[in-house]
Protein chains: 2
Amino acid sequence: MSDLREKIIQTSLELFDRYGFHGVTVKQIVQQTNTSKGGFYHHFQSKDELLFVIHDTFITYVLKEAQAANVIHSSPIPKVQAIIQSFVQVFDLYKPHISVFYQESLYLKPAYEEEIKGKRDEFKRMVFNVIAEGQESGHFRRELPLEITGMAILGMVNWIYKWYRRDGTYTIDQIAEVFTDLVLHFLLPGKEDSEYFRHMLKVPFFYESE
Amino acid sequence: MSDLREKIIQTSLELFDRYGFHGVTVKQIVQQTNTSKGGFYHHFQSKDELLFVIHDTFITYVLKEAQAANVIHSSPIPKVQAIIQSFVQVFDLYKPHISVFYQESLYLKPAYEEEIKGKRDEFKRMVFNVIAEGQESGHFRRELPLEITGMAILGMVNWIYKWYRRDGTYTIDQIAEVFTDLVLHFLLPGKEDSEYFRHMLKVPFFYESE
DNA sequence: AAATAAAGACCGACTGGTTGGTCTGTTGTA
DNA sequence: TACAACAGACCAACCAGTCGGTCTTTATTT
């Protein structure tokens with residue numbers, strides 16, 4: 001495959017990450033890449049297609065990782081660990097992709113958007129399934145509403161793109177460890193929750209009273 | 001104060017929420033609002049100022065709420081409860097504002113950006129402080145790295161704007177209850193952690209071995 | 001109270017600069 | 001010779017913002 005194509009993607013990624021998709025012109029991209037409009041449009045049908053390609057390479061990768069983690073393990077607990085682990089680590093590998101993914105997905109043309117949405121939903125479904133399995137098998141707290149708990153997990157991980165820096169205090173692996181710890185702490189049933197309930201004004205709605 | 005100004009903001013909010021800041025032209029805004037370019041630019045210096053106003057009304061509100069919650073309670077646990085509660089509820093009140101806030105903040109002009117950043121950082125600092133207090137007083141697990149834990153909480157809550165719908169399965173109050181439960185479950189030391197550690201491959205780096 | 005002045009609110013045709021994309025080439029190479 | 005890879009001048013569309021002007025409300029003077 002062409003060398004220029006990859007170079008254009010890399011350059012665009014850096015520019016989009018800093019200035020946003022709409023803050024970068026095709027002219028800027030080709031100048032920064034040392035090529036021309038002709039070069040650009042030889043490899044991409046449009047600026048929108050470039051946006052799609054960036055989205056797609058990222059979500060495809062994440063999906064594959066999750067599927068792998070899902071197959072390797074059988075018990076819900078290691079599954080959750082593996083999925084969170086690999087999911088968090090993606091933010092080190094694909095940070096610029098991810099920024100674009102979450103900031104600019106609104107601007108994907110309908111045809112592109114549909115394809116991305118399909119893969120994104122499949123990933124979400126996988127995460128939810130693992131939690132549901134754990135609840136059914138009794139490993140995880142049954143009283144937790146699946147939807148809310150699942151989105152809480154996706155949220156805390158996804159948000160990483162807003163604050164993670166390679167030269168920050170903690171490595172991506174350390175972050176993954178802490179996140180796994182946090183998630184397991186609220187998923188696993190813990191003894192009597194007396195200490196917890198003592199500080200609550202009322203019993204939360206989702207606790208089965210029986 | 002003028003009625004038109006508010007009407008413009010409301011219309012813009014709906015349009016930005018659906019099509020993004022760059023997907024909406026001033027012309028569209030004034031047509032949808034039944035006014036004119038003149039009407040628009042009489043109330044706003046620029047399209048960018050409108051973007052700033054939306055950012056500012058939201059973050060100012062959140063900050064005030066957090067400060068109130070901070071003052072009312074003295075013990076860390078009710079503080080955390082109150083802050084999460086009010087923070088989550090904001091997503092019902094200000095959903096479109098928040099979408100714009102997180103999707104388009106990249107496009108704020110430097111002067112505007114600085115002002116927003118100041119308030120946003122102050123809010124973040126407050127959340128972190130509450131956790132730190134709880135750790136010092138022994139209410140919360142000391143081994144958790146403040147930075148990562150804090151960002152996990154901010155992440156799970158902030159992400160709500162991506163999935164919350166008023167006509168969804170759960171009300172915003174129910175979501176707030178579950179989130180409070182999740183957070184307290186990973187903050188509070190409770191359960192001896194044997195059940196948890198049994199499933200870990202190794203002791204996480206942040207556990208003080210003492 | 002009437003007349004007049006001044007200020008504020010709003011209108012909409014117009015513009016200057018920008019931008020994604022095109023098109024006609026040119027170069028290298030198999 | 002044929003074709004892919006790239007160059008770069010060019011264009012039509014679009015868009016934020018302007019500006020001279022109108023209408024309405026408020027303030028000031030007579």
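Reminder, nothing fancy here: chain letters follow the sequence lines and each chain counts from 1. All heavy atoms count here, side chains included; hydrogens, waters and symmetry mates do not.
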Identify every side-chain donor-acceptor pair in residues 98-108 of chain B under 3.5 Å, counting partners at least two apart or on other chains, and give the distances.
| from | atom 1 | to | atom 2 | distance (Å) |
| --- | --- | --- | --- | --- |
| B/Ser99 | OG | B/Asp17 | OD1 | 3.2 |
| B/Ser99 | OG | B/Lys95 | O | 3.3 |
| B/Tyr102 | OH | B/Asn158 | OD1 | 2.5 |
| B/Glu104 | OE2 | A/Tyr107 | OH | 3.3 |
| B/Glu104 | OE2 | B/Phe21 | N | 3.0 |
| B/Tyr107 | OH | A/Phe21 | N | 3.2 |
| B/Tyr107 | OH | A/His22 | N | 3.1 |
| B/Tyr107 | OH | A/Glu104 | OE2 | 3.3 |

Within this structure, what is the CZ-to-P distance between B/Phe44 and C/dG8, rounded to whole angstrom?
18 Å

Tell me the interatomic distance from B/Arg5, atom CZ, to C/dG8, atom P, rounded to whole angstroms.
16 Å

Could you tell me whether the phosphate oxygens of D/dA5, OP1 or OP2, come under 4.0 Å of any side-chain nitrogen or oxygen in A/His42?
yes

Decide side chain to side chain donor-acceptor pair (under 3.5 Å) for B/Tyr207 and A/Asp181; before the verdict, give the C-alpha distance in whole Å, the side-chain angles of both, and the deciding distance to 0.1 Å.
CA-CA 11 Å; B/Tyr207 272 82; A/Asp181 176 276; 3.1 Å; yes

Using a cut-off of under 3.5 Å, enumerate the N/O to N/O pairs linking the protein to nucleotides 16-18 of chain D.
| from | atom 1 | to | atom 2 | distance (Å) |
| --- | --- | --- | --- | --- |
| D/dA16 | OP1 | B/Lys47 | NZ | 3.1 |
| D/dA16 | OP2 | B/Val26 | N | 2.9 |
| D/dA16 | N7 | B/Lys37 | NZ | 3.4 |
| D/dG17 | OP2 | B/Tyr41 | OH | 3.2 |
| D/dG17 | OP2 | B/Lys47 | N | 2.8 |
| D/dG17 | N7 | B/Lys37 | NZ | 3.0 |
| D/dG17 | O6 | B/Lys37 | NZ | 2.5 |

Would you name the heavy atoms of A/Lys27 and A/Lys37 that are closest together and state the gap between them?
N-CE, 4.2 Å

Looking at A/Ser36, I'd like to know whether one of its side-chain N or O atoms comes within less than 4.0 Å of OP1 or OP2 on D/dA7.
yes

Separation of C/dT18 atom P from A/Gln28 atom CD, nearest Å, is 12 Å

In whole angstrom, give the distance that lies between atom CD1 of B/Ile8 and atom C1' of C/dC11.
13 Å

What pair of heavy atoms forms the shortest contact from A/Ala176 to A/Ile84, and how long is it?
O-CG2, 4.5 Å

Taking only the side-chain heavy atoms of B/His43 (C-beta and beyond), determine which of D/dA4, D/dG8, C/dC10 contains the nearest atom.
C/dC10

Output yes when B/Arg165 and B/Asp92 qualify as a salt bridge under the 4.0 Å nitrogen-oxygen rule, no when they do not.
no

Worked check of salt bridge (Lys or Arg N to Asp or Glu O under 4.0 Å) between A/Lys79 and A/Glu133:
CA-CA 10 Å; A/Lys79 259 189 195 172; A/Glu133 279 173 35; 3.2 Å; yes

Quickly work out the B/Gln31 CD to C/dA13 P distance and round it to whole Å.
11 Å

